[in-house]
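The model shown is predicted, which means the values in this text are computed figures rather than measured ones.
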Amino acid sequence: MAEPLGSLVRTHTCGALRPADVGTDVVLLGWVHRIRDLGGVTFIDVRDRHGISQVVVRENVALMAVAKRLRSEFVVGVSGHVQRRSADTVNPKLATGEVEVLAAEIRILNEAKTPPFQIAEDGPVSEDVRLRYRYLDLRRPRLQNNIGLRHRVSIAIRKYFDEQGFWEIETPILAKSTPEGARDFLVPSRVHPGEFYALPQSPQLFKQILMIAGTDRYFQIVRCFRDEDQRADRQLEFTQVDVEMSFAQPESIYNLIEPLMPRIFKEIGREVTLPIRRMSYADAIAKYGSDKPDLRCGMEIADLSDVFRDSEFRVFKQIVADGGVVRGFSVPGGNKYSRSQLDVLVDQAKQMGFTGLIWVRPGSPPLCSVKALSEAALRPALDRVKAATDDLLLMAAGPADNTSKLLGQLRLAVAAKENLLNPEAFEFLWVTDFPLLEYHEEDGRWYSMHHPFTSPKDEDVDKLETEPGAVRAKAYDLVLNGSEIGGGSIRIHDAALQSRIFTRLGISEEEAKLRFGFFLEALEYGTPPHGGIALGLDRIVAILAGESSIREVIAFPKTASAVDLMAGAPSPVDAKQLRELHLNLKTQKPN
RNA sequence: GGGGUCGUAGUUCAGUUGGCUAGAACGCUGCCCUGUCACGGCAGAGGCCGCGGGUUCGAGUCCCGUCGACCCCGCCA
């Protein structure tokens, strides 16, 4: 039976009481965290977002009866007198632990069912249960901390961009579907039968148009939508820190974003050393087999092709002769692996897609899984990867990009197994000079690697028609600990060049007009050179919070199968709604 | 679309080669307890072993299918 709030007015939050408050009368409002009933005296921990205060009930028969009715997670109002705890009963674990409230009145504002999991304990609970009762999970310390951190990071970001003269401007959520890129979420128009809005994959064109509009400096903390399969670091809807500035070079963007990182990391009390390292895309692929290398674990991949060009091992020799590569890296301390552990590693590699993984143990003579390889061939390879005596060389051969990619995956697997990825370390990296285009075998055409509005590097523009794959873009990613936390580019501001790119992408003039006509037209009205970046807020906060999934930093996330387990979305809709939207369903799911 | 891990009291888990009348901890309910703070003590309730089928004298355990959560590949301009 719930009682009204009535005259109870909160005087303090549950985390606020201090010895200075001793002797005053206070009112606390919050949830029953824990009850310790000792018979003649009862302690009630009352909790809110700000902390926990101990309430004491004693020598008051009526109050004892109320206390008896209390259960976990009841909402209560307590009025009482703040008293100092005796020295031997101080609780140093609580900020409020030097005082307690001697209750004069306890009002049960609302009762609560027994929760499906304990709120007062941060113990493990399966994720589907947590998601179904998200409002309860959000009461627990883990998510309270994460959501609070996210708030502070957002504020720090807004403050920084404001200081730098940026305007936060809202762009439409009901936008126009554009081809290329991720699958769109479509919203049917009631007023225009058969026509659809699309939820933005990013406000890309709007922010560019804002540059044309003379906004000069724009940012927005904005929700973006992509209808693709989920991952630990990908949700259907996610939040970008979207940034665009006029008259920008890549250097301007680096100079803008780098000082922001220390500001963000200050929220977890960590410092960031600037400037941030840079590495070209080509180097990243060659040395780390990834366009988002994790630099916490060393193990740089080296090219060994020349070492084995004239090798007695025919497989290597043949692959190199056919234009392939032999590459490998050294595992620190890897010589400790037993033969059976090495067999397991080779098996794992095969599951990852390696045709073969070859290991070499340094020593005199070195020991190699391929007996045909002599010391004379192995010695230079070991030297090249700087393998010490207790290290282990892992090698693979094949086409350059694929070999590097596989070695890159193996490198991360080994790093994880060997605990080389220090969670306390933060290694930032700019990856630069991405290819502008990539070729897709399936439909035999070129696609933009970033997006179709990305500017090629000035010196590569001439190769657009002759050697499209060699054209580098003014595009860059910001990488942190092997995670892509941002990406951007300098855009094309010249309508003629933009048309040339569309042609290159196989988009006809007619088609381009249909899809981007408004934008192409705008480009012709005095577009300043401009560029920008978008930072992945969810990923950044997850890294700050030490979480491996962005679901832990999103208040109401969806499952891997794109379902909101709490609200039950998606769900069927009324026939009337469908009619109004001029939609007929091919399949009907029973409600 | 493909591969993998998991699914047993409210929760987290254990459950041997198929023998189960399915256990533990926490939580929950009742009683006792005047300084606890993860209070303590005593007693108790609580299970379609995800679901469906099969093998077997017998299935929580083995097989097939299916559903769900999670991880990875594809996908994510």
(message) Between B:rA59 and B:rC64, how many Å separate the two C1' atoms, rounded to a whole number?
(response)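 Going atom to atom, C1' in each nucleotide, I get 15 Å.
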(message) Measuring only between side-chain heavy atoms, which start at C-beta, is A:Arg18 closer than 4.5 Å to A:Thr96?
(response)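 They are in contact (side-chain heavy atoms under 4.5 Å apart), so the answer is yes.
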(request) Using the C1' atoms only, state how far B:rG23 lies from B:rG60, rounded to an integer number of Å. (result)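 B:rG60 and B:rG23 have their C1' atoms separated by 12 Å.
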(request) Find the partner of B:rG40: check Watson-Crick (N1-N3 plus N6-O4 or O6-N4) and G-U wobble (N1-O2, O6-N3) distances, both under 3.5 Å, and reply none if neither fits. (result)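 Pairing partner: B:rC32.
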(message) Give me the distance, rounded to whole Å, that separates B:rG50 from B:rU16 when you measure between the P atoms they each carry.
(response)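 Each nucleotide's P atom is 14 Å from the other's.
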(request) Any strand is fair game: report the nucleotide pairing with B:rA59 by Watson-Crick or G-U wobble, both distances under 3.5 Å, or none. (result)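 Across any shown strand, B:rA59 pairs with none.
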(request) Rounded off to whole Å, could you give me the CG-to-C1' distance for the A:Asp538 and B:rC76 pair? (result)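 After rounding, the gap between these two atoms is 14 Å.
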(request) For B:rC73 and B:rC28, measure between their P atoms and round to the nearest Å. (result)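 Rounded to whole Å, the distance is 42 Å.
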(message) Test your reading of the model: is there a side-chain donor-acceptor pair from A:Gln230 to the backbone of A:Leu236, 3.5 Å cut-off?
(response)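 Here the side-chain-to-backbone pair exists.
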(request) Please work out if A:Arg130 contacts a base, only the sugar-phosphate, or nothing of the nucleic acid, heavy-atom cut-off 4.0 Å. (result)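 Nothing: the residue A:Arg130, judged by heavy atoms under 4.0 Å, touches no strand.
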(message) In whole Å, measure the gap between the C1' atoms of B:rG19 and B:rG27 for me.
(response)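 Nearest-Å result for B:rG19 against B:rG27 at atom C1': 32 Å.
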(message) For B:rC71 and A:Arg551 - does any side-chain N or O of the residue sit under 4.0 Å from the phosphate oxygens OP1/OP2?
(response)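 Result: yes.
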(message) Checking base pairs now: Watson-Crick or wobble, both atom distances under 3.5 Å. What partners B:rG46?
(response)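 Base-paired to nothing in any strand shown.
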(message) What is the separation between atom CG on A:Asp233 and atom P on B:rC73, rounded to the nearest whole Å?
(response)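 Checked: the CG to P distance equals 9 Å.
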(message) Run the salt bridge (Lys or Arg N to Asp or Glu O under 4.0 Å) test on A:Asp460 and A:Lys457 for me, step by step, so that the C-alpha distance in whole Å, both residues' side-chain angles and the decisive distance to 0.1 Å come before the verdict.
(response) CA-CA 5 Å; A:Asp460 290 352; A:Lys457 294 192 85 169; over 6 Å; no
(request) May I ask which nucleotide in the shown strands pairs with B:rC70, Watson-Crick or G-U wobble, both distances under 3.5 Å? (result)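 With both distances under 3.5 Å, B:rC70 matches B:rG4.
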(message) Show me the pairs that pass ring-ring contact (aromatic ring centres under 6.0 Å, His included) and involve residues 492-523 of chain A, at least two apart or across chains.
(response)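 Non-adjacent pairs meeting ring-ring contact (aromatic ring centres under 6.0 Å, His included): A:Phe453-A:Phe516, A:Phe453-A:Phe519, A:Phe502-A:Phe516.
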(message) If you assign each of A:Ser549 and A:His451 to its closest nucleotide in RNA chain B, which residue comes earlier from the 5' end?
(response)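 It is A:Ser549 whose nearest nucleotide is closer to the 5' end.
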Enumerate all atom pairs, one protein N or O and one N or O from nucleotides 10-15 of chain B, separated by less than 3.5 Å.
{"unit_1": "B:rG10", "atom_1": "O2'", "unit_2": "A:Pro116", "atom_2": "O", "d": "2.6"}
{"unit_1": "B:rU11", "atom_1": "O4'", "unit_2": "A:Pro116", "atom_2": "O", "d": "3.3"}
{"unit_1": "B:rU12", "atom_1": "OP1", "unit_2": "A:Ser126", "atom_2": "N", "d": "2.3"}
{"unit_1": "B:rU12", "atom_1": "OP1", "unit_2": "A:Ser126", "atom_2": "OG", "d": "3.1"}

(request) Round to a whole Å and report the spacing from NZ of A:Lys405 to P of B:rC72. (result)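 Distance, rounded to whole Å: 16 Å.
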(request) Check the surroundings of atom CZ in A:Arg132: do more than 12 heavy atoms from other residues, nucleotides or ligands lie under 6.0 Å from it? (result)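 No.
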(message) With the threshold set at under 4.0 Å for non-hydrogen atoms, list the residues of residues 34-43 of chain A touching RNA chain B in residue-number order.
(response)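 Close to the strand are A:Arg34, A:Arg36, A:Asp37, A:Leu38, A:Gly39, A:Gly40, A:Val41, A:Phe43.
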(request) Would you mind telling me which residue lines up with the more 5' stretch of RNA chain B, A:Met449 or A:Glu59, judged by nearest nucleotide? (result)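 Whichever sits nearer the 5' end wins; that is A:Glu59.
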(message) Under a 3.5 Å cut-off for both contacts, is B:rA24 paired Watson-Crick or G-U wobble with anything, and if yes, with which nucleotide?
(response)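 Across any shown strand, B:rA24 pairs with B:rU12.
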(request) Could you let me know what B:rG52 is paired to, Watson-Crick or G-U wobble, both distances under 3.5 Å, or none if it's on its own? (result)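 Pairing partner: B:rC64.
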(message) Looking at A:Glu509 and A:Thr503, would you say the former's side chain and the latter's main chain have a donor-acceptor pair under 3.5 Å?
(response)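 Not confirmed, A:Glu509 side chain does not pair with A:Thr503 backbone.
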(request) Report yes or no: is there a donor-acceptor pair, N or O only, under 3.5 Å between the side chain of A:Arg226 and the base of B:rC75? (result)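 There is none.
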(request) Could you state the atom-to-atom distance from CZ of A:Arg140 to C1' of B:rC26 in whole Å? (result)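 Spelled out: CZ on A:Arg140 to C1' on B:rC26 is 13 Å.
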(message) For A:Phe219, give me all partners under ring-ring contact (aromatic ring centres under 6.0 Å, His included), at least two apart in sequence or on another chain.
(response)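 Partners of A:Phe219 under the ring-ring contact (aromatic ring centres under 6.0 Å, His included) test: A:Phe161.
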(message) In whole Å, measure the gap between the C1' atoms of B:rG18 and B:rC62 for me.
(response)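 To the nearest whole Å, 8 Å.
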(request) Using a heavy-atom cut-off of under 4.0 Å over every strand shown, decide if A:Gln235 touches base, sugar-phosphate, or nothing. (result)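 No contact.
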(request) Taking atom C1' in both B:rG15 and B:rA22, compute the distance separating them and give it to the nearest angstrom. (result)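 Going atom to atom, C1' in each nucleotide, I get 8 Å.
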(message) As a test of reading the structure: which of B:rC76, B:rG35, B:rG68 is closest to the side chain of A:Ala182, going by heavy atoms?
(response)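 Nearest to the side chain of A:Ala182 among the choices is B:rC76.
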(request) Measure from the side-chain heavy atoms of A:Asp45 and tell me the nearest of B:rC37, B:rC75, B:rA38. (result)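 The listed nucleotide nearest to A:Asp45's side chain is B:rC37.
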(request) Find out whether the Lys NZ or Arg CZ of A:Arg445 is both under 6.0 angstrom from the six-membered ring centre of A:Tyr447 and within 45° of the ring's axis. (result)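 Judged by the rule (NZ or CZ under 6.0 Å from the ring centre, within 45° of its axis), A:Arg445 counts as positioned above A:Tyr447.
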(request) Indicate the atoms forming the closest heavy-atom contact of A:Ala475 with A:Thr454, along with that distance. (result)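 Heavy atoms of A:Ala475 and A:Thr454 come nearest at CB-CG2, 4.1 Å.
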(request) For A:Thr114, check side chain to side chain contact (heavy atoms under 4.5 Å, CB included) against everything at least two apart and list the hits. (result)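 With sequence neighbours excluded, A:Thr114 shows a side chain to side chain contact (heavy atoms under 4.5 Å, CB included) to no residue whatsoever.
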(request) For residues A:Ala522 and A:Ile209, report the shortest heavy-atom separation together with the two atoms involved. (result)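 Answer, listing the atom of A:Ala522 first, then A:Ile209: CB-CG1, 4.5 Å.
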(message) Once hydrogens and angles are ignored, does a donor-acceptor distance under 3.5 Å link the base of B:rG74 to the side chain of A:Asp229?
(response)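 Under the 3.5 Å cut-off, the side chain and the base do form a donor-acceptor pair.
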(request) Round to the nearest Å and state the distance from A:Met566 atom CE to B:rA69 atom P. (result)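 Result: 16 Å.
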(message) Short of 4.0 Å, heavy atom to strand atom, which residues of residues 71-87 of chain A count as contacting RNA chain B?
(response)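 Within this stretch, A:Arg71, A:Ser72, A:Arg85 sit under 4.0 Å of the strand.
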(message) Expressed as a whole number of angstroms, how long is the span from A:Met64:CE to B:rC33:C1'?
(response)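 Distance, rounded to whole Å: 11 Å.
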(message) As a test of reading the structure: which of B:rC76, B:rC73, B:rA69 is closest to the side chain of A:Val563, going by heavy atoms?
(response)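 For A:Val563, the side-chain atoms sit closest to B:rA69.
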(message) If I compare all heavy atoms of A:Tyr476 with all of A:Gly532, which pair ends up nearest, and what's the gap?
(response)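 Closest approach of A:Tyr476 to A:Gly532, heavy atoms only: OH-O, 2.9 Å.
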(message) Less than 4.0 angstrom from a charged side-chain N to a carboxylate O is my criterion; do A:Arg140 and A:Asp137 meet it?
(response)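 A:Asp137 and A:Arg140: salt-bridged.
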(request) For A:Asp45 and A:Ile52, indicate whether the former's side chain and the latter's backbone hold a donor-acceptor pair under 3.5 Å. (result)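 No; zero donor-acceptor contacts below 3.5 Å.
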(message) Quick one, A:Lys292 with A:Glu484, criterion salt bridge (Lys or Arg N to Asp or Glu O under 4.0 Å). Give me CA distance, side-chain angles, the key distance, then yes/no.
(response) CA-CA 6 Å; A:Lys292 43 179 180 174; A:Glu484 181 198 327; 5.9 Å; no
(message) Could you tell me how far apart A:Tyr447 (OH) and B:rC76 (P) are, to the nearest whole angstrom?
(response)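 In whole Å, B:rC76 P lies 9 Å from A:Tyr447 OH.
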(request) Take atom P in B:rG52 and the same atom in B:rA9, then report the distance between them in whole Å. (result)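 Roughly 15 Å separates the two P atoms.
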(message) Looking at A:Thr114, I'd like to know whether one of its side-chain N or O atoms comes within less than 4.0 Å of OP1 or OP2 on B:rC28.
(response)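 No.
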(message) From CD of A:Glu438 over to P of B:rG74, roughly how many Å is that when rounded to an integer?
(response)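 Going from A:Glu438 (CD) to B:rG74 (P), I get 12 Å.
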